[in-house]
2 protein chains.
Amino acid sequence: MTRGEQMQADILSVLMAQDGVMSAYDIMDALKGSYPKIAPPTVYRALSALTKAGQVHRLESRNGYMACQHDHAEETAVLSICDDCGAVEETASNKILDDLAYVAKKSGFVPSRHVIEMIGTCGDCASAERDASS
Amino acid sequence: MTRGEQMQADILSVLMAQDGVMSAYDIMDALKGSYPKIAPPTVYRALSALTKAGQVHRLESRNGYMACQHDHAEETAVLSICDDCGAVEETASNKILDDLAYVAKKSGFVPSRHVIEMIGTCGDCASAERDASS
DNA sequence: TTGCGAAACGTTATGCTATAACATACAGAC
DNA sequence: GTCTGTATGTTATAGCATAACGTTTCGCAA
């Protein structure tokens with residue numbers, strides 16, 4: 001395992017342990033134990049490789065990162081982000097991808113990457129709110 | 001017209017004159033003529049009101065802003081962003097919204113906002129590249 | 001017309017996110 | 001061992017966004 005792969009593996013395990021969204025600086029802090037001298041560029045370089053490989057998703061609406069919950073690697077994920085508890089659910093939808101491909105084709109657009117995020121309240125928090133108000 | 005409405009109208013006209021993505025600081029610079037003392041919070045406050053009203057879209061993957069090209073106001077837009085020339089095309093797709101609603105419903109997620117962005121190469125740039133390489 | 005109060009802007013400061021540019025260290029091939 | 005490419009470390013800075021509080025503006029009512 002090269003140094004680069006080691007760093008990426010460490011970041012991935014930090015993200016998987018967290019089960020939620022982390023900022024790049026959160027990740028850096030978590031790695032301070034193993035890498036006392038770590039600095040932002042190192043984290044961003046590794047995150048860039050991991051997102052390109054599909055092992056990590058970047059949440060554009062949050063400037064955050066999370067481990068991929070599936071093994072899809074290739075497909076684009078739909079990310080449902082809860083404003084209340086911060087939980088993120090990842091869903092694969094070929095249907096949406098087909099729709100986007102259709103939209104792109106109509107105007108000759110050649111997509112290289114998709115961002116599909118829903119911001120709102122997750123099922124758990126939504127039912128908790130219903131209980132509280134009843 | 002209240003002060004707030006005036007500021008929002010001025011920002012909107014700056015964005016419409018630009019025909020592309022602008023950062024909040026780009027907008028602020030453009031307003032320095034009319035508002036010599038303008039500072040970031042003012043711009044962000046107005047942008048927040050405009051995005052809530054659907055007159056301005058925030059491009060999450062770019063941390064940028066653009067004037068809404070349609071009159072939809074309510075519907076969510078699909079934004080196709082060209083990496084080469086920066087142009088953004090806005091498309092309305094109820095089909096994609098239906099698909100997202102279905103995804104949300106399956107897990108009880110209650111969405112309040114959608115982010116749908118395609119990053120890639122626009123039709124014009126794609127054909128220019130083809131011409132250049134032939 | 002004067003004074004009140006809400007809304008919006010200004011000011012200051014700061015925090016978070018991200019990258020540029022260059023130096024250093026590591027790992028594998030030879 | 002030395003060469004070479006790759007990744008990390010270091011330093012600095014650019015870019016994005018908001019907190020907290022003071023000040024101005026303006027409609028409205030007395």
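We name chains A, B, ... by the order of the sequence lines, and we start the count at 1 in each one. Keep in mind that what you see is a predicted model, and the values were worked out from it rather than measured.
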Enquirer: Any protein N or O atoms within reach of nucleotides 12-17 of chain D? Criterion: under 3.5 Å, listing atom names and distances.
Expert:
from, atom 1, to, atom 2, distance (Å)
D:dA17, OP1, B:R58, NH1, 2.7
D:dA17, OP1, B:R58, NH2, 2.7
D:dA17, OP2, B:Y44, OH, 3.2
D:dA17, OP2, B:Y65, OH, 3.4
D:dA17, N7, B:Y25, OH, 2.9
D:dA17, N6, B:Y25, OH, 3.3

Enquirer: Please list, chain by chain and in numerical order, all residues satisfying salt bridge (charged side-chain N to carboxylate O under 4.0 Å, His left out) with B:R45, sequence neighbours excluded.
Expert: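 If we apply the salt bridge (charged side-chain N to carboxylate O under 4.0 Å, His left out) test to B:R45, skipping adjacent residues, there are no hits.
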
Enquirer: Report yes if a side-chain nitrogen or oxygen of A:K37 is closer than 4.0 Å to either non-bridging phosphate oxygen (OP1 or OP2) of D:dT8; otherwise report no.
Expert: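 For A:K37, the contact criterion (side-chain N or O under 4.0 Å from OP1 or OP2 of D:dT8) is not met.
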
Enquirer: Starting at CD of B:E5 and ending at C1' of D:dT25, how long is that distance when rounded to a whole Å?
Expert: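 The answer, rounded to whole Å, is 14 Å.
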
Enquirer: Under the salt bridge (charged side-chain N to carboxylate O under 4.0 Å, His left out) test, which residues partner B:K105, sequence neighbours left out?
Expert: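 Salt bridge (charged side-chain N to carboxylate O under 4.0 Å, His left out) check on B:K105 returns nothing, list empty.
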
Enquirer: So which heavy atom on B:V78 is nearest to which on B:S93, and how close?
Expert: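 Result for this residue pair: CG2-CB, 4.3 Å.
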
Enquirer: Taking 4.0 angstrom as the limit, do B:R113 and A:D83 come out as a salt bridge?
Expert: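 Looking at A:D83 together with B:R113, the answer is no, because their closest N to O distance does not fall below 4.0 Å.
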
Enquirer: Salt bridge check: are A:R58 and A:E60 linked by an N-O gap of less than 4.0 Å?
Expert: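 Between A:E60 and A:R58 there is a salt bridge, with a charged N closer than 4.0 Å to a carboxylate O.
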
Enquirer: C:dT17 P sits how many Å from A:I27 CD1, rounded?
Expert: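 It is 10 Å, rounded to the nearest whole Å.
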
Enquirer: Rounded to whole Å, how long is the line connecting atom OH of A:Y35 with atom P of C:dA25?
Expert: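 Spelled out: OH on A:Y35 to P on C:dA25 is 17 Å.
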
Enquirer: If I take atom CE in residue A:M28 and atom P in nucleotide C:dT17, what distance separates them, rounded to the nearest angstrom?
Expert: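 After rounding, the reported distance stands at 10 Å.
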
Enquirer: For side-chain hydrogen bond (donor to acceptor under 3.5 Å, both in side chains), just list the numbers for B:D26 and B:S23, CA-CA rounded to whole Å, side-chain angles, deciding distance to a tenth of an Å, and then say yes or no.
Expert: CA-CA 5 Å; B:D26 289 340; B:S23 77; 3.3 Å; yes

Enquirer: Report the distance from atom CG of A:L50 to atom C1' of D:dA7, rounded to the nearest whole Å.
Expert: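 For the pair A:L50 CG and D:dA7 C1', the rounded distance is 14 Å.
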
Enquirer: Measure the distance from CG on A:D29 to C1' on C:dT17 and round it to the nearest whole Å.
Expert: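 After rounding, the reported distance stands at 13 Å.
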
Enquirer: Rounded to whole angstroms, how far apart are CD1 on A:I38 and P on C:dA25?
Expert: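 Computing the A:I38:CD1 to C:dA25:P distance gives 18 Å.
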
Enquirer: What is the separation between atom CG on A:L31 and atom P on D:dT8, rounded to the nearest whole Å?
Expert: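 Rounded to whole Å, this separation is 11 Å.
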
